[in-house]
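Here is the structure we will look at.
Below, all heavy atoms of this structure are taken into account, side chains as well, without hydrogens, waters or symmetry copies.
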Amino acid sequence: MTFQAPKGTFDWMPPRSELALSVREQMSAPLRLAGYRYVETPAFEDTALFARGVGESTDIVSKEMYTFEDKGGRSITLRPEGTAAVVRAVLQHGLHHGPLPVKVWYSGSFYRYERAQKGRYRHFSQVGAEALGVEDPALDAEMIQLAAEAFASLGLTGVELLLNSLGCAACRPAYRSALQDFLRGLDLDDATRARVEINPLRVLDDKRPEVRAQLAEAPLVSDHLCEACKGYHEEVRSLLRTAGVAFTDDPRLVRGLDYYTRTTFEYVYEGIGAQTAVGGGGRYDGLSEMIGGPPLPGVGWALGVDRTVLALETEGLVEANTPRAGVEVYAVPLGDEARRVLFDLVLELRGAGVSADLAFGGKGVKGAMKGADRSGAAYALILGERDIAAGAAQVKHLASGEQTAVPLAEIVTMFKEKLVK
Ligand code: HAM
């Protein structure tokens, strides 16, 4: 029997894997320039952390978590997202007692038991950032700008930024009940009616046309914001405008996680499957308390690596973002003595910063030269018995076929000059 990657998952294989790596790199580069520090938390946590943090009534918690009991009888969940875990870690290590905001970023795998399709996987990758301990519209604007910057640095032009404010503990309850009153009057199926009672904001996110059609007159959160939330949101918008970050106000934008307050946003991209969000985030001023911590406001985002790679493929930006793969020098030994000499020389080349590989497996000249061609190397370094006696190796430029003998003692310096920038 043979095995396949489990349903809803896929393998990152070269060269796509190298594109994904470079995407993660470019998503985190702006963060590092802005003082965000790298953190890594476990791939699993106590189930209760997500149940409380993300919210029992969300799809993520109620339907999509990989939850199991470990051998010690604990309920464990593979992380469906990073924010609750990062806040847990910051509290556990007391970072919030130091300088604020605490600025951290992370990169890793996340797990959701979703209906698998293009762009929606059960195992996926995010690069995320969180800034904790400060409520300042400039921090929200910085966050939003940093993700926009990351997408722009990849060359993507089709990413649209949607922006909303979900209000705060003071104004959200009144909006919630106004929305519930409206939704109770609609013609909805039982599951959606139940949702109206436990999580009415999520109904606004329903994608079915028959539901959407009825939502045209739904009350908007923007009409129910308190003065403080209105002022805060206005400031975020104005800072974004000054920074040249284009955005679209979307008063219907609600997010799939319960912890959001005030600023919420999503980066969307059309044409990469049914799912359009390539990233999303917002402010979550109550999350710390929801998981048993002190009041600790926060704002952050997570960008989807998998969907961003799909977007790059859609825009023809694969080559521009895939680093050169393979080695530059491919050494071909003819005989045992030559193999010993080249083995050392290859290590020396690498030590000097020149990428180099050796024809392993004693394939003979023809097989080894084929290997050189396939390796994508610029040069073959060929050594036979006569060359050893002469103290030189043959350096062959593979594209032109041009070949010269170079003294063994000069090989490293020569390649270093030619190839190391
Ligand atoms: P999220 O919107 O659930 O937010 O996920 C962020 C991004 O992860 C999405 O925009 C999408 O690109 C990617 N993503 C999510 N689920 C999948 C999936 N099943 N397959 C492929 N890609 C997926 C969060 O996770 C929040 N923790 C973001 C945040 C950080 N908010 C504040 N701080």
Side-chain angles (χ1 to χ4, degrees), residues 24-55 60-61 74 76-111 125-147 149-150 166 168-169 232 235-236 239 255 257-265 279-305:
R24 290 190 189 113
E25 197 48 46
Q26 299 207 58
M27 285 175 168
S28 62
L31 294 169
R32 281 176 276 143
L33 278 178
Y36 288 74
R37 309 282 302 272
Y38 179 67
V39 293
E40 230 176 272
T41 63
F44 57 83
E45 297 273 353
D46 282 343
T47 300
L49 174 71
F50 299 117
R52 286 205 232 150
V54 176
I60 295 180
V61 171
R74 303 169 192 90
I76 293 292
T77 292
L78 298 188
R79 58 181 182 185
E81 64 104 42
T83 311
V86 166
V87 175
R88 193 264 311 136
V90 165
L91 294 175
Q92 182 179 334
H93 297 276
L95 264 57
H96 56 304
H97 299 310
L100 299 177
V102 176
K103 287 177 155 189
V104 292
W105 71 275
Y106 50 92
S107 171
S109 296
F110 296 85
Y111 310 85
S125 299
Q126 290 183 343
V127 170
E130 315 290 349
L132 295 142
V134 169
E135 228 182 319
D136 180 341
L139 194 57
D140 303 39
E142 171 181 278
M143 245 327 150
I144 294 171
Q145 188 275 337
L146 287 168
E149 170 89 23
L166 289 181
C168 65
Y232 194 97
E235 186 60 16
V236 174
L239 287 163
R255 306 252 309 124
L257 306 95
D258 274 356
Y259 48 62
Y260 290 112
T261 52
R262 292 196 164 168
T263 315
T264 41
F265 51 91
R283 179 157 280 286
Y284 45 85
D285 293 340
L287 173 55
S288 172
E289 287 123 302
M290 282 153 78
I291 60 169
L296 187 70
V299 61
W301 48 243
L303 311 185
V305 174

Let me see the working for T41 and R79 under side chain to side chain contact (heavy atoms under 4.5 Å, CB included), right down to the final yes or no. CA-CA 10 Å; T41 63; R79 58 181 182 185; 3.5 Å; yes
Should F50 and I60 be marked as a side chain to side chain contact (heavy atoms under 4.5 Å, CB included) after you check the CA-CA gap, both sets of side-chain angles, and the distance that decides it? CA-CA 9 Å; F50 299 117; I60 295 180; over 6 Å; no
Please evaluate residues L31 and Y38 with respect to the criterion side chain to side chain contact (heavy atoms under 4.5 Å, CB included), reporting the C-alpha separation (whole Å), side-chain torsions for both, the decisive distance (0.1 Å), and the verdict. CA-CA 9 Å; L31 294 169; Y38 179 67; over 6 Å; no
Applying side chain to side chain contact (heavy atoms under 4.5 Å, CB included) to R32 and W105, what does each step give before you reach the verdict? CA-CA 8 Å; R32 281 176 276 143; W105 71 275; 3.7 Å; yes
Kindly indicate, with the supporting measurements, whether the criterion side chain to side chain donor-acceptor pair (under 3.5 Å) is fulfilled by Y232 and R262. CA-CA 8 Å; Y232 194 97; R262 292 196 164 168; 5.4 Å; no
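Taking R24 as the reference, nothing meets the salt bridge (Lys or Arg N to Asp or Glu O under 4.0 Å) condition, with sequence neighbours excluded.
Counting only heavy atoms from C-beta outward, the side chains of P295 and S288 never approach each other to under 4.5 Å. Between D258 and V61 the shortest side-chain heavy-atom distance does not fall below 4.5 Å. At least one side-chain heavy atom of E81 sits under 4.5 Å from a side-chain heavy atom of Y259. Side chains of Y36 and M143 form a contact here, defined as non-hydrogen atoms less than 4.5 Å apart. You'll find the side chain of L296 stays beyond 4.5 Å of the side chain of V102, heavy atoms only. Contact of the L95 side chain with the L132 side chain is not registered, since no non-hydrogen atoms from C-beta on lie closer than 4.5 Å. Counting heavy atoms from C-beta outward, P101 and L139 have side chains that approach closer than 4.5 Å. Considering only heavy atoms from C-beta on, Y111 stays 4.5 Å or farther from T77 through its side chain.
Minimum heavy-atom separation, S107 to V127: OG-CG2, 3.8 Å. Listed here is the closest heavy atom pair of A302 and Q126: CB-OE1, 3.3 Å. When all heavy atoms of A147 and L303 are compared, the closest pair comes out as CB-CD2, 3.9 Å. Shown here for P297 and D285, the closest heavy-atom pair between the two residues is CB-OD1, 3.1 Å. K103 and G35 make their closest contact through CB-O, 3.9 Å (heavy atoms, listed as atom of the first residue, atom of the second, distance). Of all non-hydrogen atoms in Y106 and W301, the two that sit nearest each other are OH-O, 4.1 Å.
To the nearest 0.5 Å, the span separating OG1 on T47 from CZ on R52 amounts to 11.5 Å. The distance from atom CG of L287 to atom CG of L91, rounded to the nearest 0.5 Å, is 8.5 Å. Remark: R88 CZ to H93 NE2 distance equals 6.5 Å, nearest 0.5 Å. Note that CD of E135 and OG1 of T261 are 7.0 Å apart. Values are rounded to the nearest 0.5 Å.
Checked by atom type and distance alone, the side chain of D46 never pairs as donor or acceptor with a backbone atom of A48 at under 3.5 Å. No donor-acceptor pair closer than 3.5 Å links the side chain of S125 to the backbone N or O of V305.
Annotation for R74: atom CZ does not count as buried by contact number, only 12 or fewer foreign heavy atoms lying within 6.0 Å.
Under a 4.0 Å N-O distance rule, the pair R283/D140 qualifies as a salt bridge.
Checked by atom type, the side-chain pair Y284/T83 shows no donor-acceptor distance below 3.5 Å.
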